[in-house]
Amino acid sequence: MTSERRFYLTTPIYYVNDKPHIGHAYTSLAADVLARWKRLSGHEVFFLTGTDEHGQKVEKAAEAKGLDPQTFTDQVSQAFRDLAVRMNYSNDAFIRTTEERHKDACAALWKRLEERGQIYLGHYEGWYAVRDEAFYGPDEITEKDGQKFAPTGAPVEWVREPSYFFRLSAWQDRLLAFYDENPDFIAPVSRRNEVISFVKGGLNDLSISRTSFKWGVKVPGDEAHVMYVWLDALTNYITALGYPDESGPLWKFWPADVHFVGKDILRFHTIYWPAFLMAAGLPTPRRVFAHGWWTNEGQKISKSLGNVIDPLALVEEFGLDPVRFFLLREVPFGQDGDFQRKALVGRLNGELADALGNLANRTLSLLQRNCEGRLPEPATTASEADRAFLAIAGHAELSAMVDELLNQQKFDAALAQIFTAIREANGYITREQPWALKKTDPERMRVVLRTLHDALRVFGTLLQPFMPDTMAKLLDQLAVPAEARGLDALATPLPGGTSLPPPSPLFQKIQGEAA
């Protein structure tokens, strides 16, 4: 398999200072959908997620719980593993930064940077935010009631300590040239402009070690220092592929095709990470995509307001696949979004139950009643109405459009394209009235029902990455064999006479709520 048919994508590794929330579920869901789509397209995929378990924040959170850091991280990391299982993510690996292989990878990268003259020992002093694990310049600091704050709202304190530094300033021009040569590296475009503006403002050398706490990866040759949490964390993406063994079986996946991140950690992934890699003589990732944040019914989400959205509670109430669908359907990926219960109910009832579910049930019920539960032969002729419908819902055209949109991480637009075709299918069945054709033109009835069945197969196949369990149920009802559920298989019609099982509802409407 050539490198063009391999695909490596990652979520950020999630910080284990608290339990998972909707933001974590959202990022991983986007990665999962793209991973599943690439597999449907015939790619060899490696999809990585995991947990970031070092740093002062974790050390303090563990202390507040009365636990040692390793016990604390074991517990919280498991919660993220459980989320991945419950949300039906198809990740190929789950990495923890407390694993020995990761510590070895970090040490190897450090030594490589050191050997290349990219690291030196000095002292650092400045305004440091424990919550962000980051230093901020004086021009970024605000003050209120005697307390100084970072731009993120995190309190800062003045810190002075010995530190190893990475020569980040030496990479400013090369980073700008890299962004210019790789215009798709940072997405969406608005985020790209932010990063370029920041780098043009000037880069200082980066403090990459700490002596004020102990919970981290030890610096090789100087164990009084632990590595800066971001050098440690970012290395996970190559640890999982076997680094420093570049001859290992998984290294073929590097460089990553997409790193999915929240917008709050974009700079780390688009400035520090490519600089570290270029300085080490390693290939850079092809793309970093930063999504936005969710609010809850118009309010910023915070623990103090008590409005944190638990993704597992949503799944318990509405079902897994409707929640997966809604999160990527409602808001353009990359923009901020507002979670509204009525919007979720509206999508579930209107698009899933009424548009798709009802279409499937009507078509399959008519096939049971009027075609003895067997699939009619593929149509040999097509009317003008058939051709107009297939121009929108035909497998080749629709698959190509969805593929193009998903390669740009336009999940909502891809779903909109599919549901445009589903609405057209509902219009087609209403106009053609196959239930009436049984008496007046039974041959035409069979053509219409076969055309609708073929369209449902296309919809079910294309929607598998978004709603894998429900679309498996639909494809079962359409009698599509398990080995014929990839994109390439859509070009091969199912044989006429295939026995169809009795249909059953795909979605349950939410009753008694205004959508």
Side-chain angles (χ1 to χ4, degrees), residues 9-35 47-53 55 57-58 61 76-89 91 94 131-134 151-154 187-188 190-191 229-230 233 236 258-270 288-318 320 323-341 343-344 409 411-412 466:
L9 72 170
T10 72
T11 72
I13 49 173
Y14 298 117
Y15 213 52
V16 294
N17 61 324
D18 208 346
K19 66 180 183 179
H21 56 66
I22 195 72
H24 304 118
Y26 185 53
T27 320
S28 294
L29 174 59
D32 179 58
V33 167
L34 188 55
F47 166 23
L48 177 70
T49 189
T51 44
D52 179 8
E53 303 181 19
K57 251 195 309 192
V58 172
V76 185
S77 179
Q78 187 59 48
F80 284 91
R81 283 181 182 270
D82 293 343
L83 177 71
V85 172
R86 187 68 185 88
M87 295 295 293
N88 199 12
Y89 301 145
N91 52 294
F94 188 101
R131 194 176 81 190
D132 300 340
E133 302 280 8
T152 60
S190 59
R191 304 292 175 208
V229 69
W230 275 106
N236 93 89
V258 187
H259 290 316
F260 284 101
V261 300
K263 64 181 182 179
D264 54 322
I265 56 173
L266 179 64
R267 287 184 188 177
F268 302 105
H269 284 80
T270 56
V288 178
F289 198 108
H291 66 75
W293 291 335
W294 285 91
T295 53
N296 188 353
E297 304 286 352
Q299 284 191 310
K300 182 179 178 180
I301 294 174
S302 72
K303 285 192 288 187
S304 60
L305 291 174
N307 66 346
V308 174
I309 301 171
D310 180 353
L312 299 184
L314 287 180
V315 168
E316 185 68 28
E317 182 175 3
F318 295 103
L320 174 58
V323 170
R324 286 176 57 107
F325 171 81
F326 172 77
L327 290 176
L328 292 179
R329 177 72 174 102
E330 184 68 6
V331 178
F333 196 69
Q335 296 183 17
D336 291 342
D338 184 38
F339 177 87
Q340 294 185 8
R341 180 186 176 88
L344 196 164
Q409 289 77 64
F411 299 100
D412 67 308
F466 296 91

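Just so it is clear, the structure is predicted and the values come from calculations on it, not from any experiment.
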Which value, rounded to the nearest 0.5 Å, describes the distance between [X] atom [atom1] and [Y] atom [atom2]?
| X | Y | atom1 | atom2 | value |
| --- | --- | --- | --- | --- |
| L9 | L48 | CG | CG | 9.0 Å |
| Y26 | L327 | OH | CG | 7.5 Å |
| T152 | R131 | OG1 | CZ | 5.0 Å |
| T11 | F47 | OG1 | CZ | 6.5 Å |
| F339 | L314 | CZ | CG | 4.5 Å |
| I22 | T295 | CD1 | OG1 | 11.5 Å |

Report the C-alpha separation of V85 and R81 in whole Å, then their side-chain angles, then the decisive distance to 0.1 Å, and conclude whether the side-chain contact (heavy atoms from CB on, under 4.5 Å) test is met. CA-CA 6 Å; V85 172; R81 283 181 182 270; 5.8 Å; no

With no hydrogens and no angle check, do the side chains of N91 and T49 hold a donor and an acceptor under 3.5 Å apart?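 No pair is found: no donor N or O on one side chain lies under 3.5 Å from an acceptor on the other.
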
Which pair of heavy atoms, one from [X] and one from [Y], lies closest together, and at what distance?
| X | Y | value |
| --- | --- | --- |
| P311 | P20 | CD-O, 4.5 Å |
| H291 | T27 | NE2-OG1, 2.7 Å |
| G292 | D336 | CA-OD1, 3.3 Å |
| S77 | T51 | OG-OG1, 2.9 Å |
| H24 | H21 | ND1-N, 2.9 Å |
| Q409 | F333 | O-CB, 3.6 Å |

For D310, is there an ion pair with K19 - N to carboxylate O distance below 4.0 angstrom?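 No, this pair does not count.
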
Describe, in one word, how the ring planes of Y14 and F80 are oriented to each other, choosing from parallel (under 30°), tilted (30 to 60°) and perpendicular (over 60°).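 Rings of Y14 and F80: parallel, under 30°.
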
Assign the ring pair F289 / F260 to parallel, tilted or perpendicular, where the plane angle (0 to 90°) is split at 30° and 60°.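 Ring orientation of F289 relative to F260: tilted.
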
List in chain and number order the residues that pass side-chain hydrogen bond (donor to acceptor under 3.5 Å, both in side chains) with Y89, two or more places apart in sequence or in another chain; answer none if no residue qualifies.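 For Y89 there are no side-chain hydrogen bond (donor to acceptor under 3.5 Å, both in side chains) partners, ignoring immediate neighbours.
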
In chain order, what residues pass the side-chain hydrogen bond (donor to acceptor under 3.5 Å, both in side chains) check against H269, with sequence neighbours excluded?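 H269 satisfies side-chain hydrogen bond (donor to acceptor under 3.5 Å, both in side chains) with Y237 only.
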
Donor-acceptor check, side chain of R86 to backbone of V315, threshold 3.5 angstrom: yes or no?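 No: the side chain of R86 does not pair with the backbone of V315.
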
For M87, is there any backbone N or O sitting under 3.5 Å from a side-chain donor or acceptor partner on R324?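 Yes; judged by distance alone, with no hydrogens or angles, the pair exists.
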
Around atom CD of E297, are there more than 12 heavy atoms of other residues, nucleotides or ligands at under 6.0 Å?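 Enclosed: over 12 neighbouring heavy atoms sit under 6.0 Å from CD of E297.
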
Kindly determine whether F318 and R341 satisfy side-chain contact (heavy atoms from CB on, under 4.5 Å), including the steps that lead there. CA-CA 10 Å; F318 295 103; R341 180 186 176 88; 3.5 Å; yes

Pick one: which of V258, I265, D264 meets side chain to side chain contact (heavy atoms under 4.5 Å, CB included) with V261?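 Single pass found, and it is I265.
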
Hey, are the side chains of D52 and V229 touching, using non-hydrogen atoms and a 4.5 Å cut-off?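 With C-beta onward as the side chain, the pair touches.
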
